[in-house]
Amino acid sequence: MGCDQGPRKLQHLYSIGPCSDWNRTWSAANPDLTQCFQNTVLVWLPCLYLWMCAPIYLIYLRSHNRGYICMSNLNKAKTAIGLLLWMICWSNVFYSFWQRHHGISVPAPVHLVSPTILGLTMLLATLLIQYERLKGVQSSGVMLIFWLLALLCATVTFRSKILQGKFDLKYTTFYIYYTLLLVAFCLSCLTEQPPLFSQALKDLNPCPEPGASFLSRITFWWVTRMMIMGYKHPLEEKDLWSLNPEDCSQAVVPQIVHHWKTECQKVKRSGKTLYSPTQIPKSEGKEGQPPEESEILIVKTDRKTKEPSLLWALCLTFGPYFLISCLYKIIHDILMFVGPEILRLLINFVNNSSAPSWQGYFYTALLFICTCVQSLILQKYFHVCFITGMRLRTAVIGAVYRKALVISSAARRTSTVGEIVNLMSVDAQRFMDLITYINMIWSAPLQVVLALYFLWQNLGPSVLAGVAVMVLMVPVNAVIAMKTRTYQVAQMKSKDNRIKLMNEMLNGIKVLKLYAWELAFKDKISEIRESELQVLKKAAYLGAGSTFTWVCAPFLVALSTFGVYVLIDEHNVLDAQKAFVSLALFNILRFPLNMLPMVISSMVQASVSLKRLRVFLSHEELQEDSVEHKAVAGSPYSISIVDGVFSWSRNESLNVCIPEGCLVAVVGHVGSGKSSLLSALLGEMDKLEGTVNVKGSVAYVPQQAWIQNSSLKGNIIFGQEWKEAWYQRVVEACALQPDLEILPAGDKTEIGEKGVNLSGGQKQRVSLARAVYCDRAVYLLDDSLSAVDAHVGKHIFDQVIGPQGLLKDKTRVLVTHGLSYLPQVDLILVMVDGEITEMGSYQQLMSREGAFAEFLHTYANIDHTDNSGETQKWESMPKSETKLTENGSEYVISRFSTVSKLCKEDKKLKAKNSEVGKLTEADKASTGQVKLSVFWAYAKAIGVLLSCISLLLFLTHHLLSLFSNYWLSQWTDDPIVNGTQPSRLMRLGVYGALGLSQGVAVFGYSLFMSIGGILASRCLHESMLYDVLRSPMSFFERTPSGNLVNRFSKEMDTIDSVIPNIIKMFMGSMFGVLGACVIILIATPLVAVIIPALGVLYFFVQRFYVASSRQLKRLESVSRSPIYTHFNETLLGTSVIRAFGEQERFIHESDQRVDHNQKAYYPSIVANRWLAIRLEFVGNCIVSFAALFAVIARESLSPGIVGLSISYALQLTTSLTWLVRMSSDLETNIVAVEKLKEYSDTEKEAEWKYEHSSLPPGWPTHGCIEIRGFGLRYRPNLDLAIHNITISINGGEKVGIVGRTGAGKSSLTLGLFRIIEGAEGHIIIDGVDIAQLGLHELRSRITIIPQDPVLFSGSLRLNLDPFDSYTDEDVWMALEFSHLKTFVSGLPDKLSHECSEGGENFSVGQRQLLCLARALLRKTKILVLDEATAAVDMETDNLIQSTIRSQFEECTVLTIAHRLNTIMDYTRVLVLDKGEMAEFDSPSNLIAQRGAFYQMAKDAGLV
């Protein structure tokens, strides 16, 4: 058998008997192989295998050294067995020689050759065992397969020796040899101890994979322990294994970065640079030319340059590992065709009653073994693919993060934060999904070709009809794929816009609430969402069309092929073998054809992502050499700019030299370029010519403090080493000691994202303390005294910045508006329009009588010793100048007032434990099964009627499919009359009709499901948006914006596009499995004994798996948010991170977060493989039993039924696997719905509007405010933040509210606007208790100018009047009074001028004036100013004050003031202290009383 080639040679070798004898082997009832065959082929086969593998294996071992393993008992045993086997082989050789020598018998040469070869092979095996030990291999697949082969071959010989029953020395040695082989095989299944110094020994919870035995690895048995653990109790963080070293970020990311840089170098060498906005001098904001335009133009002109290929970089990084998967795939594809071949043989066997029955059992066993090997190889293939995908995602996130830290500010502005975060979340995910399919690109055609070859063998040229149908299908689907791609891009665009707006809305949520603008923004988001859903709807119609073609394709192919076959010649009989082998092949064909469109669309999505990534990664980077940090020999200067021309300066070159240890003040109006000068020194500006030299390391305090979400202490230390004494001095000097006493857990208090629970002044002081603690040579302070109270400002200047401060020996550059500090500085730079017009000491400048002196004379009388803008006098220039100097100011919405005053903390909590200081709540993973209510909520969102119709159509489709195949089996059993089947035309007609009606059902359910999915996602998005907007401020302080954005992007994406598809597939595979079981039971009722048992096993495995898988998915999604939150934070603070040179630490932190996320993802991949192997085994058992019972009952079965039963059984394995995959996917993805529903259960604010409102139309008409015994607390368990306040304010009064930081000034306004509901007492406005009103009724009738000027991206008009309730004249009028008319009319688009994200293209001062314009537009009777003039210089402040005096003359004005001089002419002043009213009277009376107010006025130099 199989030895016909060259039997002569073998006979000669053997010199006895023939080498193959069919009568002895195949046709006999009790088969046996010939002696010749046993002694040659069966001996040589394992030897051949090992000698072929050895060279490749040795090379592999040399390159993969894992450290050596100490000699263990197991290793000694393996080696001893190997040597014994070698000795036995040699003993056989010597025995043959001995026989020949003594002339007992002349043995054939084979008796010398075979043992010799075998002996050498055993020696090689023993050497390999030792070499593996030295290279740290714990368990070897190569050796295991060798022992298995040798054992199998020996088993055949063993059986025949037992049958012959002779005994002599050779027989004895053979039995010993066989026993030793068995032992060797068993030993090779065990695993060695880990190598010395391996990672696994250091880890607390190492991944068991590297140490698992080969068998455990291919069956994924090593995962079982985690599955059992997950079944017993929900998995937690601590149960997860550590990542394998080769999957960690630090191993993966450097490779891709290296290859990408090499690619970029290649392109640079071959052509021009990509595009660089530096060549075009940035137009000024005043001319209103937004810089984006020039950038886009540049991109267009440079289109033709060659671009670096990201794809090639990815191939080089992941290619080698990926090639292994191709090898697995080829083997698997070939094995797929063994099933139909065995089916053919089985049908023949059933037809041929003379065949010996052992052949049937042989085929069944062969079928079982082949399907099992196929399963193992397929899962190994998937494993490799998923691991590659996981590494790819790590690489993409790492590369994007690293790039974000070096990207230039001009390029940074071309992509919004939302887009960059999407690169990390969505696009990285797209790559990961593609990797599993990408091999189908070559594998699908290969499968098609093989299938067609076998079909041709079966049916001859009729197959061409089927091929024609397939070929016709391809262009149809290509068109669909192309259309889908365009929709994809459109949807991504809408999604980016939606997330961007969402991001801004969450950042400016406080302002939305104060102005009662939630509805306007809700409508705006819903509008974007509608356009997104329209695109999704079109895509759904296309999807239904493509599903229709693909489900019908295999059927049409079968129909056309069988039709042509029976019609071209009436003697062509469709018998069982032809029909069902062809059907089995058509079923194989269905898979590659189904997959191709998926792969194509997946590739299309990935190519869009690839392009987005490539564009981002090839953005221009900051010039590394723009600032030199080396000390110039003999130069006394610490900072020098020589002939510097920057992208923002008009035309003059800058020349500045600052001596070491000097204190320099930079002054000038709003927008004169002060912050930009600091940016130039930091290297954040594009330098066109000249040199900039900064000696030594730099510390930078930005204008708007950048605070991280960590403890207060962590924010100050900023990754430096801990020095207790120095830390205490810094905290003392920065006036943070009183704040630490107020905060609930002292310096361990967690600070929320962007510092939400600190006041503006506290944030600024923390930012300053961070710089001081880091102890650098040069300090760049951008207006760092603006946000603090007068006396605090004075303290900080004296203790930190001034001539006697902590930094007295350092070089300090201070941008300031505070005139009182100027006499104490060494050098003053006066800036006008980006140029330095005057320079010198205070005395020199005063004596020159220039612009500076004039400016001082004008304002000195106002600002006696107005200690530097006690308030946040932030300023900056228009966007075209600021290159993100405001350090991402767009986001820093200080929600300070709210939680910072946790001051009246319960005395018991003064134990300062850090638990108290927790603020943000991490995303929690819910546990246990997904509740049915979640599924029900989704079904309700779809609509019950739609759901039922879809189900019915599903059922119809599957019943028709079953019936059509049953009809086919009846047809094949039709009797043959005169060489033809008489009723074949009727059979063919009915078969066709059944097929077409199937198609209609498919189209119907596909359409209904997709439309239902869209309805559901519209409904869920609307309700979530509404729920989030109705939440109180405290909710936004507790919930990191990353979580909310994650809900709106990732979870929404799941509901939009993933869930409907999963439901379709789930239903499909469920009905498929049920159908197959029904058919098998009809054909071979005996299977009924087995199916329940296997069903129980299946169910058990599935529950086991889902328990762990669901929890892993939840852990994975919980650990995903921190990656994006950290990334968001980094993007806002890039300039600070770069200034301090902390990039490496942040990169490390980001890598750790990614690894943490992959730690949860990795077990979920292997759990999928674990499950698939076990389920496929169940499926393979069903196939084998179906075949076995068909063999047993072959007398009573018709070939048609056998064919039907087994062809269905062959499909069953895939359906089973899909069913569990889909049911678990459904459970894990429906979690998205659960997460959206979470927010409907959180606490909500009071109603926005009440149905029957009794409010008089013009309320409030007078503006009288009466506060009676009012008090409020920040959280239910805290003390009152303000209490027992009783005052009465008449209409039209101007009242100032003053007090030290944390006295409760802002808390009072929050109570007035009901941002926080009062805990006791009442506030009554014009006779109406505000607690009785709807929030929008209240908030829209009183106006606030908040502390932080917030703008949203959109037109200027939208920012002033989002509801379009005023005419253009009104708007222009408001702009005129707020002194912005000239600026706005100078813009090209006037009122429709686009504000960028966060209003970045306006200076902070201009933003503050716009907020004033909003107030002027609303012109309500009550106006609250919350430190509104903080961000402006003296002049602008004067303008604002005069506008308020003239325009709000009749109104009641409440002003929270840091600058006392602004309220000295007010009617009355309310002094708060520790949340209580200390004094309330006119300013003159209060000064006369010499109380707290007098003390403050004295500090400010007003008395």
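FYI, side chains are in, hydrogens and waters are out, and symmetry mates aren't considered; it's all heavy atoms of this structure.
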inquiry  = Quick one, Glu1037 with Lys510, criterion salt bridge (Lys or Arg N to Asp or Glu O under 4.0 Å). Give me CA distance, side-chain angles, the key distance, then yes/no.
reply    = CA-CA 10 Å; Glu1037 272 149 19; Lys510 185 173 180 187; over 6 Å; no

For [X] versus [Y], what's the shortest heavy-atom pair and its separation?
X: Asn1046; Y: Ser1121; value: ND2-OG, 2.8 Å
X: Ile1062; Y: Met1222; value: CG2-O, 3.9 Å
X: Ala1246; Y: Arg1030; value: O-NH2, 3.6 Å
X: Glu1243; Y: Pro1032; value: O-CD, 3.3 Å
X: Trp1248; Y: Leu1029; value: CZ2-O, 3.7 Å
X: Tyr938; Y: Ala1016; value: CE1-CB, 3.7 Å

Quick one: does [X]'s side chain have a donor or acceptor within less than 3.5 Å of a partner on [Y]'s backbone?
X: Lys403; Y: Leu617; result: yes
X: Ser1164; Y: Tyr1161; result: yes
X: Asn205; Y: Asp239; result: yes
X: Ser767; Y: Lys763; result: no
X: Gln1158; Y: Met390; result: yes
X: Arg1138; Y: Leu405; result: yes
X: Asn1168; Y: Ile1165; result: no
X: Asn1359; Y: Phe1352; result: yes
X: Asp247; Y: Leu243; result: no
X: Lys1050; Y: Phe1048; result: no

With a 4.5 Å cut-off on side-chain heavy atoms, are [Y] and [X] touching?
X: Ser933; Y: Lys1237; answer: no
X: Val1058; Y: Asp1053; answer: no
X: Thr1242; Y: Asp1027; answer: no
X: Trp936; Y: Val934; answer: no
X: His1021; Y: Ile525; answer: yes
X: Glu1149; Y: Thr1130; answer: no
X: Phe431; Y: Leu613; answer: yes
X: Ile1147; Y: Val253; answer: no

Could you state the interatomic distance from [atom1] ([X]) to [atom2] ([Y]), rounded to the nearest 0.5 Å?
X: Asp739; Y: Leu758; atom1: CG; atom2: CG; value: 8.0 Å
X: Ser609; Y: Met492; atom1: OG; atom2: CE; value: 6.0 Å
X: Lys1235; Y: Leu1020; atom1: NZ; atom2: CG; value: 15.0 Å
X: Leu1226; Y: Ile1063; atom1: CG; atom2: CD1; value: 5.5 Å
X: Leu514; Y: Thr1309; atom1: CG; atom2: OG1; value: 8.0 Å
X: Ser1017; Y: Ile1059; atom1: OG; atom2: CD1; value: 9.5 Å

key: side chain to side chain donor-acceptor pair (under 3.5 Å) between Glu1245 and Ser1031, worked out   = CA-CA 6 Å; Glu1245 289 186 308; Ser1031 302; over 6 Å; no

task = Dump the intermediate steps for side chain to side chain donor-acceptor pair (under 3.5 Å) on Glu1247 and His1336, then the final yes or no.
result = CA-CA 8 Å; Glu1247 286 297 321; His1336 280 184; over 6 Å; no

key: Side-chain donor-acceptor contact under 3.5 Å, Ser526 with Lys524   =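 Note: Ser526 and Lys524 side chains miss the donor-acceptor criterion.
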
task = Apply side-chain contact (heavy atoms from CB on, under 4.5 Å) to the pair Lys500 and Val421, showing each step before the final yes or no.
result = CA-CA 10 Å; Lys500 174 179 152 191; Val421 173; over 6 Å; no

Inspect the contact between [Y] and [X] and indicate whether a charged nitrogen and a carboxylate oxygen are less than 4.0 angstrom apart.
X: Glu1116; Y: Lys1113; value: no
X: Asp1151; Y: Arg402; value: yes
X: Glu532; Y: Arg498; value: yes
X: Arg612; Y: Asp496; value: yes
X: Glu1142; Y: Arg1145; value: yes
X: Arg393; Y: Asp427; value: no

Cation-pi check, Arg1153 onto Phe1127 ring (under 6.0 Å, within 45° of axis) =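 No, a cation-pi geometry is absent between Arg1153 and Phe1127.
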
Cation-pi geometry met for Arg1339 and Phe1313 (6.0 Å, 45°) =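 No, Arg1339 does not lie over the aromatic ring of Phe1313.
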
request  = Just say parallel, tilted or perpendicular for the rings of Phe1146 and Phe718, cut-offs at 30° and 60°.
outcome  =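 Ring orientation, 0 to 90° scale: tilted.
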
Stepwise side-chain contact (heavy atoms from CB on, under 4.5 Å) test for Arg529 and Leu533 = CA-CA 6 Å; Arg529 177 73 183 154; Leu533 288 175; 3.8 Å; yes

request  = Walk me through it: do Ile1055 and Met1024 pass the test side-chain contact (heavy atoms from CB on, under 4.5 Å)?
outcome  = CA-CA 13 Å; Ile1055 290 174; Met1024 172 163 74; over 6 Å; no

task = Verify the neighbour count for atom NE2 of His1148: are there more than 12 heavy atoms of other residues, nucleotides or ligands below 6.0 Å?
result =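 Incorrect, the count does not exceed 12.
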
key: Steps toward side chain to side chain donor-acceptor pair (under 3.5 Å) verdict (His1156, Glu237)   = CA-CA 10 Å; His1156 192 72; Glu237 200 78 3; 2.2 Å; yes

query = Does the salt bridge (Lys or Arg N to Asp or Glu O under 4.0 Å) test come out yes or no for Arg1314 and Glu1317, once each step is laid out?
reply = CA-CA 5 Å; Arg1314 286 177 61 199; Glu1317 296 288 350; 3.0 Å; yes

ask   = Where do Trp241 and Val1166 land on the side-chain contact (heavy atoms from CB on, under 4.5 Å) test, with the steps shown first?
value = CA-CA 12 Å; Trp241 308 310; Val1166 291; 4.0 Å; yes

query = Passes side chain to side chain donor-acceptor pair (under 3.5 Å), Asn1229 versus Thr1054? Steps please.
reply = CA-CA 7 Å; Asn1229 282 303; Thr1054 305; 4.7 Å; no

request  = Assert yes or no for the condition that the ring centre distance of Phe1035 to Tyr1239 is strictly below 6.0 Å.
outcome  =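 Between Tyr1239 and Phe1035, which both carry aromatic rings, the centre distance is below 6.0 Å.
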
